Number of protein chains: 2
Amino acid sequence: MNDGSDLNLCPAPLVFAMIGGKWKLSILQILIFQGTKRFGELRHGIPDITQTMLTKQLRALEGDGLVDRKVYAEVPPKVEYSATDVAIGLMPAFKAMHSWWEAKARPSTN
Amino acid sequence: MNDGSDLNLCPAPLVFAMIGGKWKLSILQILIFQGTKRFGELRHGIPDITQTMLTKQLRALEGDGLVDRKVYAEVPPKVEYSATDVAIGLMPAFKAMHSWWEAKARPSTN
DNA sequence: ATACTTAGGTATCAAAATGATACTAATGGA
DNA sequence: TCCATTAGTATCATTTTGATACCTAAGTAT
């Protein structure tokens, strides 16, 4: 019902649907901070994800305009994934989460 | 195996396990920005969550030290939830996500 | 006294999401 | 000829999540 034109209120549910879930943040983090990756590289970079889930989440991210998918007509197959500009805009959010974790993990270090 | 002492690498999976999932960000957002809430208020504030899930996620957040739970010995029951200091440290991350969404939603407004 | 309301749950079962495993396609190399 | 390769799909088991009903015990109306 809300088309996004009145965003005085924080649209948390929309945001969280887009980047929430179990794997999306991990996928985005890699693509945002490490750049373009092939399917297999992503799989390797996220140890516990299954092929099925990686494919599914990548498609969802692609559908939301956060990830670009480039297929090469080669054999064996080669598919590259990269963060879109929109996704790269999330970098500050990732950095904030990182800082939070560090502050939490070592509250009295240094 | 990693106790948190070597966090040069971004501990994304750990962070995302703690605040990821489908509802945790929504719950935290409310408690962080709106302060202490009763169970029923949270339920009302997150339209699609079920009682079962709200209870479960609150318990998980409590277990991770992000939420405090205060039970009053009254009838009918009264239980208040609030964000811990650790959770409040996530405020910048939420703000970053909010900014991102706004920039994304109206790329050419003003 | 009896029955209804209340708020924060729990128990139970169905539905959906996720995980594990096996399978496919097209080419190059042994 | 047969195998390895990469990205992905198909199928089925397991785990999560959702829907619904039920519980507790005090206040309130009858």
Side-chain angles (χ1 to χ4, degrees), chain A residues 12-31 34-64 66-84, chain B residues 12-31 34-64 66-84:
Chain A
L14 298 175
V15 176
F16 304 155
M18 214 162 152
I19 65 175
K22 191 171 176 181
W23 301 111
K24 288 179 179 173
L25 287 175
S26 292
I27 296 169
L28 287 172
Q29 189 203 30
I30 291 176
L31 296 179
Q34 298 177 29
T36 300
K37 293 284 177 191
R38 291 185 61 176
F39 184 85
E41 293 175 315
L42 278 174
R43 198 147 99 84
H44 180 254
I46 307 172
D48 291 332
I49 201 170
T50 60
Q51 227 166 346
T52 316
M53 266 303 103
L54 182 52
T55 298
K56 191 175 192 175
Q57 300 301 303
L58 282 169
R59 292 289 149 74
L61 290 168
E62 192 192 358
D64 283 334
L66 295 175
V67 162
D68 276 335
R69 179 169 181 266
K70 182 169 183 183
V71 182
Y72 293 83
E74 298 179 6
V75 168
K78 176 178 177 182
V79 182
E80 284 182 347
Y81 292 92
S82 54
T84 62
Chain B
L14 298 175
V15 176
F16 304 156
M18 215 161 148
I19 64 174
K22 190 172 176 182
W23 301 110
K24 287 179 181 174
L25 288 175
S26 292
I27 296 169
L28 287 172
Q29 189 204 28
I30 291 176
L31 296 180
Q34 298 177 28
T36 300
K37 292 285 179 192
R38 292 184 61 173
F39 184 86
E41 292 176 315
L42 279 174
R43 198 147 98 86
H44 181 255
I46 307 172
D48 291 331
I49 201 170
T50 60
Q51 226 165 347
T52 316
M53 266 303 103
L54 181 53
T55 298
K56 191 174 193 174
Q57 300 300 303
L58 282 169
R59 292 290 148 76
L61 290 168
E62 192 191 359
D64 283 335
L66 295 174
V67 162
D68 275 333
R69 180 169 181 267
K70 182 170 183 182
V71 183
Y72 292 82
E74 298 178 6
V75 168
K78 176 178 176 181
V79 182
E80 285 183 347
Y81 292 91
S82 53
T84 62

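Keep in mind it's a predicted model, so treat the numbers as computed, not measured. The chains referred to below are lettered A, B, ... by the order of the sequence lines, with proteins before strands, and numbering in each begins at 1.
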*Asks:* Is the distance from OP1 or OP2 of D:dA7 to the nearest side-chain N or O of A:R38 less than 4.0 Å?
*Replies:*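 Looking at the OP1 and OP2 atoms of D:dA7, one of them is under 4.0 Å from a side-chain N or O of A:R38.
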*Asks:* Is there a side chain to side chain contact (heavy atoms under 4.5 Å, CB included) between B:K24 and B:L61 once you walk through the steps?
*Replies:* CA-CA 8 Å; B:K24 287 179 181 174; B:L61 290 168; 3.9 Å; yes
*Asks:* When all nucleic acid strands are considered with a 4.0 Å heavy-atom cut-off, which category describes A:T50: base, sugar-phosphate, or nothing?
*Replies:* sugar-phosphate
*Asks:* To the nearest Å, how far apart are B:L58 CG and C:dA7 C1'?
*Replies:*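 From B:L58 CG to C:dA7 C1': 14 Å.
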*Asks:* Starting from the 5' end of DNA chain C, give me the residue, A:P76 or B:P76, whose nearest nucleotide shows up first.
*Replies:* B:P76
*Asks:* Mind listing the closest non-hydrogen atom pair of A:L31 and A:Y81 along with its distance?
*Replies:* CD2-O, 3.5 Å
*Asks:* Nearest to the side chain of B:V79 - C:dG8, C:dT18, C:dA26?
*Replies:* C:dG8
*Asks:* Give a yes/no on whether any side-chain N or O of A:W23 is located under 4.0 angstrom from OP1 or OP2 of C:dG19.
*Replies:*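 Yes, because at least one side-chain N or O of A:W23 sits under 4.0 Å from OP1 or OP2 of C:dG19.
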*Asks:* For A:P47 and A:G45, work out which heavy atoms get closest and say how close.
*Replies:* CD-O, 3.4 Å
*Asks:* Where the side chain of A:F39 is concerned, which of C:dG9, D:dT17, D:dG8 is the nearest nucleotide?
*Replies:*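 Within the option list, the nearest is D:dG8.
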*Asks:* A:R43 near the nucleic acid: base, sugar-phosphate alone, or nothing, with a heavy-atom cut-off under 4.0 Å?
*Replies:*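 Result for A:R43 = nothing.
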*Asks:* Which whole-number value in Å describes the distance from A:Q57 CD to C:dT18 C1'?
*Replies:*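 The answer, rounded to whole Å, is 10 Å.
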*Asks:* Checking contacts here: which listed nucleotide (C:dA26, D:dA25, D:dT17) is nearest the side-chain heavy atoms of A:V75?
*Replies:* C:dA26
*Asks:* Taking only side-chain N and O atoms of A:R59, does any of them lie within less than 4.0 angstrom of OP1 or OP2 on D:dT9?
*Replies:*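 Affirmative; the distance criterion is met.
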*Asks:* Where each residue is assigned the nucleotide of DNA chain D containing its nearest heavy atom, which of A:E80 and B:T52 is assigned the position nearer the 5′ end?
*Replies:*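 Nearest nucleotide further toward 5': that of A:E80.
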*Asks:* Without decimals, in angstroms, what is the distance between B:D48 CG and D:dA19 P?
*Replies:*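 Rounded to whole Å, this separation is 8 Å.
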*Asks:* With rounding to the nearest 0.5 angstrom, report the CD1 to CG distance, B:I30 to B:L42.
*Replies:* 5.5 Å
*Asks:* Where the side chain of A:Y81 is defined as all heavy atoms beyond and including C-beta, which of C:dA11, D:dT5, D:dG8 is the nearest nucleotide?
*Replies:* D:dG8
*Asks:* Is the shortest heavy-atom distance from the side chain of A:L66 to the side chain of A:I19 under 4.5 Å?
*Replies:* yes
*Asks:* What is the distance, to the nearest angstrom, from the NZ atom on A:K56 to the C1' atom on D:dT16?
*Replies:* 13 Å
*Asks:* Using a cut-off of 4.0 Å on non-hydrogen atoms, how would the nucleic acid contact of A:K22 be classed: base, sugar-phosphate, or nothing?
*Replies:* sugar-phosphate
*Asks:* In whole Å, what is the span from the CG atom of A:L54 to the P atom of D:dT6?
*Replies:* 15 Å
*Asks:* Could you give the OH-to-C1' distance, from B:Y72 to C:dA7, as a whole number of Å?
*Replies:* 15 Å
*Asks:* Considering only side-chain heavy atoms of A:M53, which listed nucleotide, C:dG9, C:dG19, D:dG8, is closest?
*Replies:*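 The closest nucleotide is C:dG19.
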*Asks:* Kindly point out which of C:dG9, D:dT6, D:dG8 is positioned nearest to the side chain of A:R69?
*Replies:* D:dG8
